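Read the numbers this way: they start at 1 and go in the same order the structure lists the ligands and their atoms. Just so you know, these numbers come straight off a predicted model, no measurement behind them.
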Amino acid sequence: MSTVVDAIDSIRASLPQGVGLVAVSKFHPAEAITEAYGAGQRAFGESRVQELLAKAAVLPGDIQWHFIGHLQTNKVRRLIEARLNLLIESVDSLRLLDAIDAAAAQAGVVARVLVEAHVAQEETKSGFEPAELLDYFARGGYRSLRATHLCGLMGMASNTDDEARISADFAALAALKRSIEASAPDLVGFDHLSMGMSDDYPLAIAAGATLVRIGTAIFGPREY
Ligand SMILES: *Cc1c(COP(=O)(O)O)cnc(C)c1O
């Protein structure tokens with residue numbers, strides 16, 4: 001068996017029921033995805049529009065693509081118009097959310113998205129400030145979306161070896177999701193909590209993740 005298949009099998013076996021695996025295939029070739037697909041994996045994470053579309057063009061149509069990188073508003077239409085089975089996990093501004101909603105409405109599709117929150121200590125990481133998100137939901141901003149389904153929250157923990165800090169970040173994301181749901185009682189289907197990567201996903205699961213995004217532990221190191 002290949003190392004990719006071995007890794008997929010053992011990670012899957014370790015995930016509790018209700019936790020989905022996104023295999024982060026960014027910077028790895030389509031052949032690596034094909035190997036994982038052969039092991040039954042269907043959800044793959046990509047961080048660049050062009051790379052995602054190129055792979056989708058040559059890979060099976062039942063793959064669920066997860067966009068996890070910074071999405072520029074000028075690339076939104078191309079992504080939406082490809083009509084893929086797609087979850088955009090990294091919506092980090094209202095401007096981007098509006099662009100996605102407009103493109104989806106125009107294409108006659110429903111865009112499925114997660115909003116990304118910034119709780120990590122690094123300023124460089126992207127995402128909404130929690131207060132900004134809470135304000136958006138509390139004032140019902142989502143009610144004006146025409147063609148977008150808000151499917152939940154995504155986030156990353158601080159880049160540190162300090163497990164207490166990482167767990168605190170994941171707990172903060174879980175609490176933020178609960179606060180959003182409490183402040184927006186008519187919001188339906190805000191179910192996902194996407195958090196946890198190769199080095200920290202067990203802590204994310206302990207804190208309530210429903211999706212983990214794992215790249216290196218499946219495909220090995222990336223060559224940028
Ligand atoms: C690259 C990336 C991952 C996967 O990271 P690994 O450490 O390789 O598992 C997960 N989430 C996001 C947002 C990423 O950009």
Side-chain angles (χ1 to χ4, degrees), residues 3-12 14-15 19-30 32-33 35-36 39 41-52 55 63-72 75 79 86-93 96-97 100 112-128 130 133 151-163 165-167 169-170 172-174 176-177 192-224:
T3 53
V4 167
V5 173
D6 279 347
I8 295 260
D9 286 349
S10 75
I11 290 169
R12 279 247 205 75
S14 77
L15 298 181
V19 179
L21 171 62
V22 180
V24 176
S25 47
K26 64 186 184 191
F27 294 92
H28 292 284
I33 296 179
E35 259 187 87
Q41 181 64 28
R42 292 296 179 268
F44 293 92
E46 291 286 337
S47 59
R48 297 183 301 184
V49 171
Q50 195 156 339
E51 182 177 346
L52 188 160
K55 287 172 174 172
I63 287 179
Q64 188 186 36
W65 297 99
H66 289 239
F67 192 85
I68 60 171
H70 178 68
L71 180 56
Q72 293 166 270
K75 301 214 169 128
L79 187 59
L86 174 71
L87 178 66
I88 303 174
E89 295 205 16
S90 44
V91 175
D92 58 2
S93 73
L96 176 59
L97 183 57
I100 290 170
R112 298 175 63 250
V113 310
L114 306 183
V115 285
E116 180 178 1
H118 178 265
V119 299
Q121 53 199 356
E122 296 88 27
E123 287 300 322
T124 51
K125 290 213 166 119
S126 50
F128 285 95
L133 268 187
C151 301
L153 187 66
M154 183 271 235
M156 279 188 245
S158 302
N159 187 10
T160 171
D161 291 332
D162 178 359
E163 294 203 344
R165 172 71 208 215
I166 294 169
S167 290
D169 287 347
F170 288 145
L173 288 165
L176 177 59
K177 177 171 178 287
H192 275 299
L193 182 55
S194 174
M195 57 186 193
M197 319 193 336
S198 291
D199 288 338
D200 58 18
Y201 72 89
L203 298 175
I205 291 168
T210 67
L211 284 174
V212 291
R213 310 178 307 267
I214 302 181
T216 310
I218 293 172
F219 296 111
R222 291 177 284 273
E223 285 176 31
Y224 293 101

- Atom pair OG/CG of Ser194 and Leu114 - distance to nearest 0.5 Å: 6.0 Å
- Query: atom 10 (C) of ligand 1: which protein heavy atom is closest, and how many Å away?
  - Reply: Met197 SD, 3.4 Å
- Could you walk me through whether Asp199 and Ile166 pass the side-chain contact (heavy atoms from CB on, under 4.5 Å) check? CA-CA 10 Å; Asp199 288 338; Ile166 294 169; over 6 Å; no
- Query: Quick one: does Ile214 get a heavy atom under 4.0 Å from ligand 1?
  - Reply: yes
- Message: Checking a contact table here: which protein heavy atom is nearest atom 11 (N) of ligand 1, and how many Å away?
- Response: Arg213 NE, 2.9 Å
- Note on the structure: The reported gap from CG in Leu71 to CG in Leu79 (rounded to nearest 0.5 angstrom) is 6.0 Å
- Query: So which heavy atom in the protein is nearest atom 9 (O) of ligand 1, and how far is it from that ligand atom?
  - Reply: Ser198 OG, 2.5 Å
- Query: Which heavy atom of the protein is the closest neighbour of atom 8 (O) of ligand 1, given with residue, atom name and distance?
  - Reply: Thr216 OG1, 2.5 Å
- Item | Pairwise side-chain contact, Thr216 with Arg222, heavy-atom cut-off 4.5 Å (strictly under) | yes
- Task: Nearest 0.5 Å please: distance from the CE atom of Met154 over to the NZ atom of Lys177.
- Result: 15.5 Å
- Donor + acceptor pair across side chains of Glu116, His118 (<3.5 Å): no
- Selected option - heavy-atom contact closest to atom 13 (C) of ligand 1, from Glu116, Met156, Glu46: Met156
- Quick look: Glu89 vs ligand 1, heavy-atom contacts under 4.0 Å, and the answer is neither
- To which of Asn159, Ile68, Asp199, Asp200 does the heavy atom nearest atom 12 (C) of ligand 1 belong? Ile68
- Item | atom 15 (O) of ligand 1 - nearest protein heavy atom and its distance | Lys26 NZ, 2.7 Å
- Message: I need the atoms of ligand 1 closer than 4.0 Å to a non-hydrogen atom of Gly215, numbered in the order shown.
- Response: 4 (C), 6 (P), 8 (O), 9 (O)
- Message: For Glu122 and Ser158, which I'm curious about, is there any donor-acceptor pair between the side chains at under 3.5 Å?
- Response: no
